[in-house]
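Basis for what follows: all heavy atoms, side chains included, without hydrogens, waters or symmetry-related copies.
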Amino acid sequence: MTVTQHPYTGTRPAWAEGVVVFGAVMLLIAGVLGIFRGIMAIARDDIFVNTPDYVFKFSLTGWGWIHLVLGLLAVVVSLGLFRTMTWARVAGVAIAVLIIISNFLSLPSYPVWSIIMIAFSSFVIWALCVVKREDLMDEHVRAG
């Protein structure tokens, strides 16, 4: 009879939790900033640059609603990430991708801010994808 030894020691690697918390904080910040950006665009859309011949033209109020909804979703998902929930990691990557796409499409309206948000969301994707699921599991979950 052969016994397979697993390298798992019974404790979670500290770096794994740290990276996921980093991703959660970055997604929370991106979400809160997205909420503020959405509110600004809904309340006073004359703050933003208006480009009349842009291919992906929405009203700035429409972009405001998109950023507000994505920001709210990002905040909710980041709360799940603080509890290291698997669904939150998957949803966090999806929300970060949507934030990148929405900021790319609204680049002419607020270029510097859009680039900052794209960078924030890229860090979120990296942080949520670099850690393996096994590194986040408790010992009782592995044994069961």
Side-chain angles (χ1 to χ4, degrees), residues 5-144:
Q5 293 292 329
H6 297 285
Y8 185 66
T9 61
T11 59
R12 291 190 228 183
W15 68 269
E17 283 188 36
V19 171
V20 172
V21 169
F22 171 77
V25 169
M26 292 294 283
L27 189 61
L28 180 67
I29 292 170
V32 169
L33 294 176
I35 290 169
F36 288 149
R37 182 179 183 184
I39 291 171
M40 285 187 329
I42 293 167
R44 258 186 90 191
D45 60 359
D46 58 347
I47 295 172
F48 297 91
V49 177
N50 195 2
T51 54
D53 294 327
Y54 185 51
V55 174
F56 302 108
K57 185 173 178 155
F58 276 104
S59 71
L60 291 176
T61 304
W63 278 119
W65 281 107
I66 291 169
H67 289 292
L68 180 65
V69 168
L70 286 175
L72 290 170
L73 289 173
V75 168
V76 169
V77 169
S78 69
L79 297 176
L81 285 170
F82 284 118
R83 297 182 46 101
T84 62
M85 306 296 253
T86 302
W87 67 264
R89 287 181 64 197
V90 173
V93 171
I95 294 294
V97 167
L98 291 175
I99 289 172
I100 287 174
I101 292 169
S102 69
N103 279 287
F104 176 77
L105 294 177
S106 65
L107 202 58
S109 299
Y110 215 62
V112 175
W113 189 256
S114 293
I115 291 170
I116 290 170
M117 293 303 290
I118 289 170
F120 260 69
S121 298
S122 298
F123 280 122
V124 169
I125 293 170
W126 171 81
L128 298 181
C129 290
V130 73
V131 177
K132 290 186 261 175
R133 182 176 181 201
E134 297 84 34
D135 290 339
L136 294 173
M137 296 176 108
D138 284 325
E139 184 176 312
H140 62 54
V141 174
R142 283 185 180 268

Passing option when Phe120 is tested against Asn103, Ile29, Ile115 for side chain to side chain contact (heavy atoms under 4.5 Å, CB included)
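Result: among Asn103, Ile29, Ile115, Ile29 is the only option passing the side chain to side chain contact (heavy atoms under 4.5 Å, CB included) with Phe120.
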Does atom CZ (Phe82) have a neighbourhood of more than 12 heavy atoms from anything else shown, all under 6.0 Å?
yes
For Phe123, I'd like to know if atom CZ has over 12 heavy atoms of other residues, nucleotides or ligands within 6.0 Å.
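No, CZ of Phe123 has 12 or fewer neighbouring heavy atoms, counting only those of other groups under 6.0 Å.
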Set out, in order, the CA-CA distance, both residues' side-chain angles and the distance that settles side-chain contact (heavy atoms from CB on, under 4.5 Å) for Leu128 and Leu81, then state yes or no.
CA-CA 9 Å; Leu128 298 181; Leu81 285 170; 3.7 Å; yes
Pair Ile116-Leu33, side-chain contact (heavy atoms from CB on, under 4.5 Å): steps then yes or no:
CA-CA 10 Å; Ile116 290 170; Leu33 294 176; 5.8 Å; no
What heavy-atom pair brings [X] and [Y] nearest, and what distance separates the two atoms?
{"X": "Ile125", "Y": "Ala96", "value": "CG1-CB, 3.6 Å"}
{"X": "Ile66", "Y": "Ser102", "value": "CG2-CB, 4.2 Å"}
{"X": "Ser106", "Y": "His67", "value": "OG-NE2, 3.4 Å"}
{"X": "Ala74", "Y": "Ile99", "value": "CB-CD1, 4.2 Å"}
{"X": "Leu27", "Y": "Ser78", "value": "CD2-N, 4.0 Å"}
{"X": "Trp87", "Y": "Gly80", "value": "CZ2-CA, 4.1 Å"}

Rounded to the nearest 0.5 Å, how far apart are CD1 of Ile95 and CG of Leu73?
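It is 4.5 Å, given to the nearest 0.5 Å.
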State the CD1-CD1 distance between Ile39 and Ile35, to the nearest 0.5 angstrom.
7.0 Å
Between Ser121 (side chain only) and Ile118 (backbone N and O only), is there a donor and an acceptor less than 3.5 Å apart?
no
